[in-house]
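To keep things clear, I will list the structure first and then write my remarks on it.
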Amino acid sequence: MIKVVKFGGSSLASAEQFMKVKDIIVSDPDRRFVVPSAPGKRYSADTKVTDMLYSCYNLAETDADFDDTLKAIATRYQEIIDGLKLTVSLDSEFEKIKADFKAHAGREYAASRGEYLNGILLANYLGFEFLDSAEYIFFKENGTFDAEKTNDVLSAKLRGMSNAVIPGFYGSLPDGRVKTFSRGGSDITGSIVARAVQANLYENWTDVSGCLVTDPRIVENPKVIDVITYRELRELAYMGFNVLHEDAIFPVRTAGIPINIKNTNAPKDPGTLIVENTSRKPGFTITGVAGKKGFTAINIEKDMMNAEIGFCRRVLQAFEDNGISFEHMPSGIDTMTVVVHQSEFETKEQTVLAEIRKLTNPDSIDISTDIALLAVVGRGMRSNRGVAAKIFSALDRASINIRMIDQGSSELNIIIGVSNNDFEDAINVIYHAFVQ
Ligand code: ASP
């Protein structure tokens, strides 16, 4: 078995956290390839090293004095070195970083140093080999990730190694300059490494015991999802579920490697397993419920709409011409509704409405704003009758007015629109209708 283990920023924020990480790695010899993030927050008001690096580089870029900011970053690492009683020194690395910042080496290079330095420390502490991701993770000239070149070079390199630390978040462009993924991108590196070594499992270690059925800021102590499919995760992620960088799914999914979300602070907890397919039934019929506020619904009515070929296309044309993407489109016989992000729509509203009128000559157009959308997601809905009834009666009991319903033909989700003001209550009642 080969396991690739990625540790997030909070898992590597201090010497104490490094110790937990080492315990986790040595407790399972299959955990051979390790992808670290930069040191994250040690407590909620703390600053992530990546953010400190961005601020530091902002100063350097304007030729302002950045000595103190860089020293504060060096101190974060020194505290880890001292706490672990390591003999390694990062002094020469910081000399180089200082010179590179003075020479305006770039914002992405600056940010990448967080993972790079943490990788050096972790490799030293574990006694693993350190690989600089700039030499193994590649981007194309246009800035997109070069999956095939990376996979060729990285798999050839790792094949002969028994273990290694490969820092997350960055790689290099064809001209050698460092480039980073978007924020949270160490998840992507972990997934790329898992594909390269054809791992049996990609463990993504963080500070929660897996994906939660719903947002813990809305529902107190929600249950953990034991198994979730990639498609379910995608539906929930789209509605604001924030577990894993979206782009981290592709490399492992195509290679058929499951992801296990685990908690560094509670390593015995099973966490959440993310898989392509499963015969395991979700514990609560629904897998998760998530949502977002701030949508607008544009309802267009026209007698005999259903007989008019191309009506729908012309309505959508008005949105497309104005660069607005739509979220959902429930329709009736003589009505159709287009749901869009309020913030995107507001500024272009009059132009869009005028175009709809011109293109379709409707009987009426009506706008409802301040709508929140909830996605109730679960592969278990397909085989269970009465899911919709349970959702709607729960909302009814709580006197929450439903403003829109949309069920995809995949029967994987039901989308419900309620007023922004009812959003939190709606999430709560739906959660409690399924999770006892
Ligand atoms: N350190 C980077 C960030 O804060 C990448 C990561 O942690 O995944 O976004």
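Start at 1 and go down the list; that is how both ligands and their atoms are numbered. In what follows, every heavy atom counts, from backbone to side chain, and hydrogens, waters and symmetry copies are set aside.
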Checklist line | Non-hydrogen atom of G114 closer than 4.0 Å to ligand 1 | finding: no
Margin query: Checking contacts here: is it the side chain or the backbone of H245 that comes within 4.0 Å of ligand 1, counting heavy atoms only? Could be both or neither.
Written below: neither
Next item on the list: For the pair D46 and R76, find out whether any cationic side-chain nitrogen is under 4.0 Å from an anionic carboxylate oxygen.
Entry: yes
Check: Salt bridge check: are E108 and K179 linked by an N-O gap of less than 4.0 Å?
Finding: yes
Check: Among I225, L212, V289, which one satisfies side chain to side chain contact (heavy atoms under 4.5 Å, CB included) with F241?
Finding: I225
Next item on the list: Before accepting this row, confirm whether a basic side-chain N of the pair R42/E79 lies closer than 4.0 Å to the acidic partner's carboxylate O.
Entry: yes
Next item on the list: Answer yes or no: is there a side-chain heavy-atom contact under 4.5 Å between Y202 and V193?
Entry: no
Next item on the list: For atom 4 (O) of ligand 1, find the nearest protein heavy atom and state the residue, atom name and distance (0.1 Å precision).
Entry: R183 NH2, 2.9 Å
Notebook entry, point to check: Where is the nearest protein heavy atom to atom 5 (C) of ligand 1: which residue, which atom, and how far?
Noted result: E115 OE2, 3.4 Å
Notebook entry, point to check: Considering only the protein, which heavy-atom contact is closest to atom 6 (C) of ligand 1, and what is its distance?
Noted result: S186 OG, 3.3 Å
Notebook entry, point to check: Which is closest to atom 7 (O) of ligand 1 in terms of heavy atoms, S37, G9, G40?
Noted result: S37
Check: Quick check: does A38 get an N/O under 3.5 Å from an N/O on ligand 1?
Finding: no
Check: Is any NZ, NE, NH1 or NH2 atom of the basic residue among D269 and K262 found under 4.0 Å from an Asp or Glu carboxylate oxygen of the other?
Finding: no
